[in-house]
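All values below come from the heavy atoms of this structure, side chains included, with hydrogens, waters and symmetry mates left out. The chains referred to below are lettered A, B, ... by the order of the sequence lines, with proteins before strands, and numbering in each begins at 1.
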2 protein chains.
Amino acid sequence: MSEQWNKGRLATAAVVLPEGTTPTGTQGRVLHAALGLFAERGFHGTSIREIGAAAGINSATLYGYYSSKELVLAELVLVGHRELHRRLLDAVDGLTDPVEKLTALVRTHVFAHTDFSLLAVVTNSELHVLSAELAAPALALRAASEQLLLDVLADGVFDVPDARLAARAIGGMGQRVGNWFGPGQDHTREQVADAFVLFALRLAGVRA
Amino acid sequence: MSEQWNKGRLATAAVVLPEGTTPTGTQGRVLHAALGLFAERGFHGTSIREIGAAAGINSATLYGYYSSKELVLAELVLVGHRELHRRLLDAVDGLTDPVEKLTALVRTHVFAHTDFSLLAVVTNSELHVLSAELAAPALALRAASEQLLLDVLADGVFDVPDARLAARAIGGMGQRVGNWFGPGQDHTREQVADAFVLFALRLAGVRA
DNA sequence: GTCTATACGACGATAGAC
DNA sequence: GTCTATCGTCGTATAGAC
């Protein structure tokens, strides 16, 4: 499912959620509506009435699916973190060579941020709104994803002054992709991924 | 001026603004209060009453200094962009060697994000709230700062597949520093800057 | 400059009919 | 499942006294 949207803190991008693992029907429309609005205006900048209108239902009907606005955000944030973590796990599954692993992780990270840029923005920039209890599952997934990169970088094959700083640098450059990648921009997702893989390998001291 | 603060989307950091170029007295307290609250809860998550309380004045008194909440944010966003741009200009002033220029830019960029992490976070993540008119001056400064990096990277000495993608990558890794750097973390600002300079040089194809 | 008091619209959420 | 109607609260901003 997709829809064009006009944003503000990000490039124009389609409102897309991972398929198969997210609700369909009215509940799915609610999630998509909330995703677009949260990405554009932020959680506190979006009202329950606006979400309802964008989903084609009355705001009161929303409460049949989610008992608070915060729970809508919690679901989006969890979906985003789950999708990224699942993809990263799949990407390194079966690989043994550290360079191949780093390549796969960066490539996958970039694609997650190009293919689901709105979800990435919401997931990264609105998580802080959630209560500690609601944020916890997402934070655990985030820590696990970071550890995946950290383990690869600490493998010994690479030449970095500090694996944690290298992980922060690589993670940061990938995370920002969600803020600028979009249709009105002249690089393909593959070009970005290829370039960022090269950057990450060089950054980690791999000589081509 | 500084004060401890407890956040959520960023590490614990002091509420600091550049000195000399920002208001003092009550107006200064308003700006500092707003900076801490906007960083922690976001613009829409912060009320005029909370800003007043944190500044030690009644919310109505605020309107003697700023005629709307949006104008408070606009000033912070402008201060942040102005400070970064000024520092970047100073950093490369007089330099001719491209490698030295890139080194100075990255180092300065990192320091701006370690020394004014709250301002960096607000500046980068709440700018989208402003109307086009109020955002314009900050966006112009941002474009100028990006161009500074782009010009250096396009100098010919470096080996990158695409200077714009390299600039995005370097900018992204630096920008994220504001979200995790803080007192409760075991790297000094110099360690971060040294590491990120090395990363940026390698990324740009400079062999050490 | 700073306060108290207040206007008034928008907010999240609920009750109850269909 | 979805609606209309509404509750109580909190939002930004202003008026006017001191």
Practice task
Mind checking S68(A) for me? I need base, sugar-phosphate or nothing, with any heavy atom below 4.0 Å counting as a touch.
Solution key: sugar-phosphate
Handout entry: Value in whole Å for how far the P atom of dG11(D) lies from CZ of R49(A)
Key = 16 Å
Exercise for the section: Take N124(A) and R142(A) through the side chain to side chain donor-acceptor pair (under 3.5 Å) test and state the conclusion after the steps. Expected result: CA-CA 10 Å; N124(A) 287 323; R142(A) 167 173 299 206; 2.9 Å; yes
Practice task
Could you check H85(B) against H81(B) for ring pair (Phe, Tyr, Trp, His ring centres under 6.0 Å), going step by step and ending with a plain yes or no?
Solution key: CA-CA 6 Å; H85(B) 185 245; H81(B) 279 93; 9.9 Å; no
Exercise for the section: Look at all strands and tell whether T61(A) reaches a base, only sugar-phosphate, or nothing, counting heavy atoms closer than 4.0 Å. Expected result: base
Exercise for the section: Please check if any side-chain donor atom of E126(B) sits under 3.5 Å from a side-chain acceptor atom of H128(B), or the reverse. Expected result: no
Practice task
Round to a whole Å and report the spacing from CD1 of I51(A) to P of dA10(C).
Solution key: 17 Å
Handout entry: Presence of salt bridge, D151(A) and K101(A), under 4.0 angstrom
Key = no
Practice task
Rounded to the nearest angstrom, tell me the gap between atom OH in Y66(A) and atom C1' in dT14(C).
Solution key: 20 Å
Handout entry: From dT12(D), dT2(D), dT2(C), nucleotide with atom closest to Y65(B) side chain
Key = dT2(C)
Practice task
Send over the distance from I48(B) CD1 to dT6(C) P, rounded to a whole Å.
Solution key: 21 Å
Handout entry: Side chain of I57(A) - closest among dC3(C), dC3(D), dG1(C)
Key = dC3(D)
Practice task
Identify whether any heavy atom of T26(B) sits under 4.0 Å from a base atom; if not, whether one sits that close to sugar-phosphate; answer base, sugar-phosphate or nothing.
Solution key: sugar-phosphate
Practice task
Answer with yes or no whether the side chains of N179(A) and R168(B) bring together a donor and an acceptor at under 3.5 Å.
Solution key: no
Handout entry: Rounded interatomic separation in angstrom, taking CD from E70(A) and C1' from dC11(C)
Key = 16 Å
Completion exercise
From CG of N58(B) across to P of dT2(C) the rounded distance in Å is 11 Å
Exercise for the section: Could you say whether E50(A) or A60(A) is positioned toward the 5' end of DNA chain C, judged by the nucleotide with the nearest heavy atom to each? Expected result: E50(A)
Practice task
Provide, to the nearest angstrom, the distance between the OH atom belonging to Y63(B) and the P atom belonging to dT6(C).
Solution key: 18 Å
Practice task
Starting from C1' on dT2(C), measure out to CZ on R29(B) and report it in whole angstrom.
Solution key: 11 Å
